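What you see is a predicted model, and the numbers here were worked out from it, not measured in a lab.
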Amino acid sequence: MHIVFGGAFNGKRQYVKELLENRKYVWYEGKLPDQAASFLVIAGIEEWVKAQLDKGIDEKDITRGIEQAISLQPINQQIWILTDMNRGIVPVDPLERELRDVIGRLYQHLFKKADHITRIWYGIPQTIKGADEHENLYENR
């Protein structure tokens, strides 16, 4: 699994699109995949988590949903695009604070599972974990 993370509007999605320009993939935005594909890109899970919390679904069930999504596809055929929500001011609203906390713990779980992690900071990729040459990861798969 390759995780690409960074702040909002820092170029994460563009980076992934350029990384996969010669590959076929299925892009899930704001929801989890429900079936396998040749290659999966999962983005905007923060919106999915928020919707689950709004429905009263607890963190354990949210984590189970993420685990089910991961198990649909070989882990080396997935890219997760995550927005860093844990910097800055702690929200006053209790639901927004809960979202921030749940996302933080969920990201820790995902980061442990990932083989490759890339942080995007204003369009500049930085390898945090795994191979330095991400472009080569996807050429022959």
**Study point:** Pairwise side-chain hydrogen bond (donor to acceptor under 3.5 Å, both in side chains) hits with a residue in residues 49-60, at least two apart
**Key:** Glu59-Arg105

**Study point:** Minimum-distance pair of heavy atoms, taken over all atoms of Glu46 and Ile81
**Key:** OE2-O, 4.3 Å

Exercise for review: Provide the closest heavy-atom pair for His116 versus Gly130 in the form atom of the first, atom of the second, distance.
Suggested key: ND1-CA, 3.5 Å

Check your understanding: Does Gln126 reach the side chain of Trp121, with side-chain heavy atoms less than 4.5 Å apart?
Key -> no

Review point. Do Val26 and Val41 come close enough that some side-chain heavy atom pair is under 4.5 Å?
Key: no

**Study point:** Gap between atom CD of Glu18 and atom CZ of Arg13 - 0.5 Å precision
**Key:** 14.5 Å

Review point. Does a donor on one side chain and an acceptor on the other come within less than 3.5 Å for Tyr25 and Gln78?
Key: no

Check your understanding: Would you say the side chain of Leu106 lies within less than 4.5 Å of the side chain of Val49, judging by non-hydrogen atoms?
Key -> yes

Practice item. Decide yes or no on side-chain contact (heavy atoms from CB on, under 4.5 Å) for Lys129 and Phe111, but give the supporting numbers first. Key: CA-CA 9 Å; Lys129 179 180 178 183; Phe111 278 45; 6.0 Å; no

Review point. Does the side chain of Trp48 reach to within under 4.5 Å of the side chain of Ile62, using non-hydrogen atoms?
Key: yes

Revision key, fill the gap. For Pro33 and Ile42 the tightest heavy-atom approach is CD-CG1, 3.7 Å

**Study point:** Heavy-atom pair with the smallest gap, counting every atom of Gly11 and Ile120
**Key:** C-CG2, 3.9 Å

**Study point:** Distance, nearest 0.5 Å, that separates CD1 of Ile57 from OG1 of Thr63
**Key:** 12.0 Å

Review point. Should Ile75 and Gln77 count as side-chain neighbours, where that means a heavy-atom distance under 4.5 Å?
Key: no

Check your understanding: Taking atom OG1 of Thr83 and atom CD1 of Ile45, what is their separation to the nearest 0.5 Å?
Key -> 9.0 Å

Point to revise | Flag side-chain contact, heavy atom, 4.5 Å: Leu19 against Ile79 | key: yes

Exercise for review: Mind checking salt bridge (charged side-chain N to carboxylate O under 4.0 Å, His left out) for Lys113 and listing every partner two or more places apart, or none if nothing turns up?
Suggested key: Glu67

Study note, to complete from the structure: For Tyr122 and Asn10, the nearest pair of non-hydrogen atoms, with its separation, is N-OD1, 2.7 Å

Point to revise | Thr118-His2 side chain donor-acceptor pair, cut-off 3.5 Å | key: yes

Exercise for review: Determine, using the 4.5 Å side-chain heavy-atom cutoff (strictly less than), whether Ile124 and Ile117 are members of one ILVMFWY cluster.
Suggested key: no

**Study point:** Salt bridge Lys31-Glu47, side-chain N to carboxylate O under 4.0 Å
**Key:** no

Distance-only donor-acceptor pairs under 3.5 Å for side chains of residues 96-104, two or more places apart:
from	atom 1	to	atom 2	distance (Å)
Arg97	NH1	Pro91	O	3.2
Arg97	NH1	Val92	O	2.5
Arg100	NE	Met85	O	3.2
Arg100	NH2	Asn86	O	2.8

Check your understanding: Ignoring hydrogens and geometry, is there a side-chain-to-backbone donor-acceptor pair from Tyr107 to Phe5 under 3.5 Å?
Key -> no

Revision key, fill the gap. Shortest non-hydrogen pair, Asp34 vs Leu72, comes out as C-CD1, 3.7 Å

Check your understanding: When you look at Asp115 and Met1, which way does the side-chain contact (heavy atoms from CB on, under 4.5 Å) test go after all the steps?
Key -> CA-CA 6 Å; Asp115 296 323; Met1 175 187 332; 5.5 Å; no

